[in-house]
Every structure is written in structure tokens, then in C-alpha cells.
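Below is one structure, written out as C-alpha cells; comments come after it.
Just so we're clear, the structure is a prediction, and the values are computed from it rather than from any experiment. Nothing fancy with the numbering, it's 1 onward along the sequence.
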Amino acid sequence: MAKIQFSRGVNEEVIPEVRLTRSRSGDSGTATFIFTNPKALDEESTDEITGMYMVDEEGEIVTREVKGKFINGKAEALEAIYLMKSAEEWERFMRFMERYAEENELGLDKS
């Protein structure tokens with residue numbers, strides 16, 4: 001039960017591209033999510049985007065740093081950035097991503 005939401009209670013169906021960076025010391029990191037044509041931007045959607053919520057059985061991880069990408073005046077994508085400021089936040093995020101990846105058949109590519 002790992003879901004991503006932009007409005008509480010409304011699951012996003014589009015699977016994002018996720019990029020991770022981590023400091024050399026391992027005590028901080030950044031996750032960048034890119035959703036191309038997400039359901040949250042559908043013209044029929046009346047839900048307000050209030051942040052990005054990563055919800056699983058442990059609870060909720062929240063980031064308010066969500067930006068829209070527009071091409072020719074039309075919303076095409078959402079970019080969300082989650083900053084992890086401790087090793088504990090990194091580990092919690094990785095547990096969420098393992099669950100989310102398993103449910104959505106995602107893989108990991110190391111660069």
C-alpha cells in the first residue's frame with residue numbers, strides 16, 4: 001500500500017521518473033520526482049495540489065516543493081523535490097520507495 005498523492009486521498013496513477021542523490025557522508029540526500037502528464041493536472045481534475053504525499057503503512061512523507069512544467073501554456077508535468085536531512089529520513093524514504101517500486105514494477109539504475 002505505497003501511494004503518491006498530490007491532494008490528500010487522491011492517488012496519482014502516473015508513475016514518476018525518480019532521481020536520487022546522496023551526500024558522501026550519507027546524512028542527507030535529495031529525491032527528484034518527475035511526473036509526465038499526471039492525473040493531477042487533468043482538465044477534469046478539480047482537486048487542488050497541496051504538496052506531494054508519499055503514503056504507506058508507516059505513515060506519510062510530505063514535501064511542499066512541487067512545481068508545474070508548462071509547454072505552450074499547457075501543463076505537461078509536475079516536478080517534486082524531497083530533501084532528506086538525516087540518515088533516518090533517508091532510510092525511511094528508501095523503505096517507502098522499495099514498497100512503491102514493488103507495487104509498480106519499477107527498477108533501479110545506478111549511474
Side-chain angles (χ1 to χ4, degrees):
M1 196 259 350
K3 304 291 180 199
I4 293 179
Q5 303 172 344
F6 289 106
S7 299
R8 279 195 162 79
V10 181
N11 295 334
E12 178 56 57
E13 295 171 4
V14 171
I15 307 302
E17 177 183 331
V18 183
R19 297 180 186 147
L20 291 173
T21 59
R22 191 172 187 185
S23 67
R24 289 189 190 276
S25 64
D27 59 359
S28 64
T30 303
T32 303
F33 293 77
I34 299 169
F35 295 82
T36 304
N37 296 312
K39 187 178 94 173
L41 293 178
D42 280 353
E43 291 178 14
E44 299 85 43
S45 177
T46 58
D47 299 308
E48 185 177 339
I49 295 173
T50 56
M52 186 176 79
Y53 308 93
M54 296 169 270
V55 183
D56 65 9
E57 55 262 26
E58 286 186 57
E60 184 178 82
I61 303 170
V62 179
T63 182
R64 299 282 185 218
E65 195 159 334
V66 179
K67 301 175 193 166
K69 299 241 180 202
F70 294 82
I71 298 174
N72 295 327
K74 183 180 181 305
E76 294 286 332
L78 285 176
E79 179 181 278
I81 297 174
Y82 175 63
L83 299 174
M84 296 157 275
K85 298 180 179 109
S86 68
E88 292 78 23
E89 285 183 0
W90 176 270
E91 293 302 321
R92 169 66 180 101
F93 174 78
M94 291 307 291
R95 288 192 306 274
F96 168 81
M97 283 307 298
E98 285 173 14
R99 293 178 186 118
Y100 187 78
E102 190 174 303
E103 282 188 28
N104 295 287
E105 299 176 9
L106 299 176
L108 175 66
D109 293 330
K110 292 188 178 186
S111 57

Closest approach of [X] and [Y], non-hydrogen atoms and distance?
X: L41; Y: A77; answer: CD1-O, 3.7 Å
X: A40; Y: L78; answer: CB-CD1, 4.2 Å
X: V14; Y: P38; answer: CG2-CA, 3.6 Å

Within this structure, what is the [atom1]-[atom2] distance for the pair [X] and [Y], rounded to the nearest 0.5 Å?
X: E105; Y: I15; atom1: CD; atom2: CD1; result: 9.5 Å
X: D47; Y: E12; atom1: CG; atom2: CD; result: 10.5 Å
X: R19; Y: T32; atom1: CZ; atom2: OG1; result: 7.5 Å
X: W90; Y: T30; atom1: CH2; atom2: OG1; result: 8.5 Å
X: K39; Y: N11; atom1: NZ; atom2: CG; result: 6.5 Å

Atom pairs and distances, donor-acceptor, side-chain atoms in residues 51-60, under 3.5 Å, two or more places apart:
from: Y53; atom 1: OH; to: R8; atom 2: NH1; distance (Å): 3.3
from: Y53; atom 1: OH; to: T50; atom 2: O; distance (Å): 3.4
from: Y53; atom 1: OH; to: T50; atom 2: OG1; distance (Å): 2.7
from: Y53; atom 1: OH; to: R64; atom 2: NH1; distance (Å): 2.7
from: D56; atom 1: OD1; to: E58; atom 2: N; distance (Å): 3.0
from: D56; atom 1: OD1; to: G59; atom 2: N; distance (Å): 3.3
from: D56; atom 1: OD1; to: R92; atom 2: NH2; distance (Å): 2.7
from: D56; atom 1: OD2; to: R92; atom 2: NH1; distance (Å): 2.9
from: D56; atom 1: OD2; to: R99; atom 2: NH1; distance (Å): 2.8
from: E57; atom 1: OE2; to: R99; atom 2: NE; distance (Å): 2.9
from: E58; atom 1: OE1; to: R95; atom 2: NE; distance (Å): 3.3
from: E58; atom 1: OE1; to: R95; atom 2: NH2; distance (Å): 2.9
from: E58; atom 1: OE2; to: R95; atom 2: NE; distance (Å): 2.8
from: E58; atom 1: OE2; to: R99; atom 2: NH1; distance (Å): 2.9
from: E58; atom 1: OE2; to: R99; atom 2: NH2; distance (Å): 3.0
from: E60; atom 1: OE1; to: R8; atom 2: NH2; distance (Å): 2.7

Hydrophobic cluster membership, [X] vs [Y], 4.5 Å side-chain cutoff:
X: I81; Y: M84; value: no
X: Y100; Y: V10; value: no
X: V62; Y: M1; value: yes
X: F96; Y: L106; value: yes

Is any side-chain heavy atom of I4 less than 4.5 Å from a side-chain heavy atom of F35? yes
Examine distances only and state if a side-chain atom of E76 and a backbone atom of T36 form a donor-acceptor pair shorter than 3.5 Å.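 No, the answer is negative, given that no donor and acceptor are paired below the 3.5 Å cut-off.
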Taking the side chain from E79 and the backbone from K69, do they hold a donor-acceptor pair closer than 3.5 Å?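 Such a contact is absent between E79 side chain and K69 backbone.
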Please list all pairs meeting ring-ring contact (aromatic ring centres under 6.0 Å, His included) that have one or both residues in residues 59-87, counting only residues at least two apart or in different chains.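 The answer is Y82-F93.
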